[in-house]
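What follows is one structure encoded as structure tokens, with my remarks underneath.
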Amino acid sequence: MKMTTSLTELNDDIVRSMSIGAVFSDFVGKINSLDFHRTADLLVTACEDDSVRLYDIANAKLLKTTYHKKHGADRICFTHHPSSVLCSSRYNLDSVGESLRYLSMYDNRCLRYFKGHKERIVSLCMSPVNDSFMSGSLDHSVRIWDLRVNACQGILRLRGRPTVAYDQQGLVFAVAMEGGAIKLFDSRSYDKGPFDTFLVGGDRAEVCDIKFSNDGKSMLLTTTSNNIYVLDAYLGEKRCGFSVDPSPNTTIEATFTPDGQYVVSGSGDGNLHAWSINTRNKVGCWDSHIGIVECLKWAPRRVMFVAASSVLTFWIPNNTTTTTNSTNPSSDPGTTPLNNDGGGGGSGAQ
């Protein structure tokens with residue numbers, strides 16, 4: 001699969017032309033989370049079937065599958081090394097307390113356990129600049145860790161369902177908590193408390209996902225009420241907001257394009273929607289072909305995004321879908337080509 005379009009060339013027409021280039025359908029259960037490596041052309045997924053799977057996104061190829069029956073596989077993210085990941089547990093949290101594992105995909109080995117959280121981890125992110133990482137749990141705590149040591153480096157106690165994210169420079173991290181409040185911390189002196197607090201006026205729904213744009217100027221919030229907001233990351237002012245159809249008992253995910261000019265989101269109607277941040281106009285709407293999309297991320301260095309439910313799909317501009325051989329079902333088990341003929345659906349700007 002060749003990605004011939006550079007990120008600097010993204011425009012409404014290219015975003016609108018995105019279509020499915022490859023389908024991986026051999027999961028047993030829904031995909032809980034996924035992550036791209038920051039510099040290598042790699043994707044990792046964690047699934048309800050206790051599998052962790054590593055993909056080569058440049059060639060739409062499954063590279064490796066490992067199973068984790070004892071602990072399960074819930075939240076997942078890459079470390080800086082392309083064959084090492086952090087994975088949170090689904091099972092035995094009360095009895096064992098091994099809520100996080102540092103895994104080597106190369107030799108299927110656990111490099112380190114991180115104990116502390118007593119309930120499920122719902123948010124996990126790696127610092128872009130050093131060995132620090134953060135986890136937010138339903139036990140109402142955010143823990144700061146270091147890959148090199150087992151012990152927790154810091155704890156933030158808070159109300160509600162915590163969601164965490166580092167900015168792209170690793171200088172600031174954001175924590176969302178009860179009532180839709182977003183607190184910003186200096187990652188070098190978080191023990192002094194937040195240096196700023198943002199509120200999205202009128203919406204007190206819990207924030208289930210936070211992302212910073214690559215230039216650090218914008219922040220993307222997705223709430224449990226399926227509202228999506230783009231905030232000025234410095235001032236906290238709402239730049240724009242969009243709403244999508246509700247998805248009871250299912251959280252959706254939204255993503256920036258790497259240039260920070262567009263937002264793509266799932267929806268309760270089973271469609272995917274794309275908007276221009278500058279014009280606030282919808283520029284694309286597609287049938288996802290896989291039901292409600294819970295996991296959605298745009299690749300850091302490619303004109304490509306992935307969407308997942310219990311099926312994983314790779315989306316690329318339609319002028320390249322005819323050139324890829326990797327979507328041939330015989331090339332990878334569970335890989336199926338699928339032509340995308342678009343779709344409708346309701347969503348609105350706020």
Side-chain angles (χ1 to χ4, degrees), residues 25 27-35 45-51 71-77 87-94 99 117-125 135-142 158-165 176-182 200 202-211 220-229 241-255 263-273 285-297 306-313 343-348 350:
S25 55
F27 296 88
V28 182
K30 76 178 181 73
I31 297 165
N32 292 319
S33 60
L34 51 81
D35 190 37
T45 64
C47 180
E48 276 184 343
D49 62 10
D50 304 328
S51 69
H71 298 94
D74 199 355
R75 301 292 102 187
I76 198 158
C77 70
C87 185
S88 70
S89 303
R90 293 180 63 214
Y91 315 132
N92 305 317
L93 292 179
D94 290 336
S99 53
H117 287 300
K118 299 302 182 185
E119 294 191 44
R120 178 174 166 246
I121 289 171
V122 292
S123 188
L124 181 65
C125 62
S135 55
S137 166
L138 294 178
D139 64 11
H140 308 298
S141 73
V142 169
L158 50 110
R159 298 185 303 275
R161 179 191 194 278
T163 304
V164 295
M177 55 190 69
E178 189 177 63
I182 311 296
V200 180
D203 191 341
R204 297 184 62 82
E206 287 187 320
V207 174
C208 54
D209 187 49
I210 306 175
K211 291 182 176 72
L220 180 64
L221 311 180
T222 308
T223 73
T224 52
S225 59
N226 283 12
N227 289 325
I228 300 155
Y229 301 103
F242 312 100
S243 61
V244 295
D245 286 4
S247 52
N249 304 315
T250 301
T251 58
I252 62 165
E253 186 172 6
T255 183
V263 169
V264 182
S265 171
S267 173
D269 60 5
N271 289 327
L272 298 173
H273 304 277
C285 179
W286 314 274
D287 184 343
S288 74
H289 295 286
I290 60 171
I292 297 175
V293 169
E294 295 187 54
C295 301
L296 180 69
K297 282 188 172 67
V306 296
S309 54
S310 58
V311 177
L312 176 66
T313 53
S347 70
Q350 298 177 344

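Predicted model only: the values in this text are computed from it and were never measured. We use all heavy atoms of the structure for the numbers below, so side chains are in, but hydrogens, waters and symmetry mates are not.
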Response to the item:
side-chain contact (heavy atoms from CB on, under 4.5 Å) test vs L272 passes for just one of V244, D287, V293, namely V293
Okay, side chain of [X], backbone of [Y]: is any donor-acceptor separation there less than 3.5 Å?
| X | Y | result |
| --- | --- | --- |
| D209 | T223 | no |
| T251 | C208 | no |
| R75 | N32 | yes |
| S288 | G291 | yes |
| T163 | I210 | no |
| D269 | D245 | no |
| H140 | G160 | yes |

State, with a plain yes or no, whether a side-chain heavy atom of [X] is found less than 4.5 Å away from one of [Y].
| X | Y | value |
| --- | --- | --- |
| D74 | I121 | no |
| L312 | L34 | yes |
| S309 | K30 | no |
| I252 | N226 | yes |
| L296 | V264 | yes |
| S137 | R120 | no |
| F27 | S310 | no |
| P162 | M177 | no |

Heavy-atom pair of closest approach, residues [X] and [Y]:
| X | Y | result |
| --- | --- | --- |
| L124 | S135 | CD1-CB, 4.0 Å |
| R161 | V207 | NH1-O, 4.1 Å |
| E48 | G29 | OE1-CA, 3.6 Å |
| G72 | C87 | O-SG, 4.3 Å |
| S243 | N227 | CB-OD1, 3.3 Å |

Fill in: H289 and T313: side chain donor to acceptor below 3.5 Å
no
Could you tell me which residues satisfy side-chain contact (heavy atoms from CB on, under 4.5 Å) with [X], sequence neighbours excluded, listed by chain and number?
| X | result |
| --- | --- |
| D50 | K69, R90, Y91 |
| A254 | L220, T222, I228, V263, S265 |
| T250 | S247, I292, E294 |

Worksheet, complete the sentence: CD1 (I31) and CD1 (I76) are apart, to the nearest 0.5 Å, by 11.5 Å
Worksheet item: Taking atom CD of E206 and atom OG1 of T224, what is their separation to the nearest 0.5 Å?
Response: 5.5 Å
Worksheet item: Looking at K297 and D35, does any basic side-chain N land under 4.0 Å from a carboxylate oxygen?
Response: no
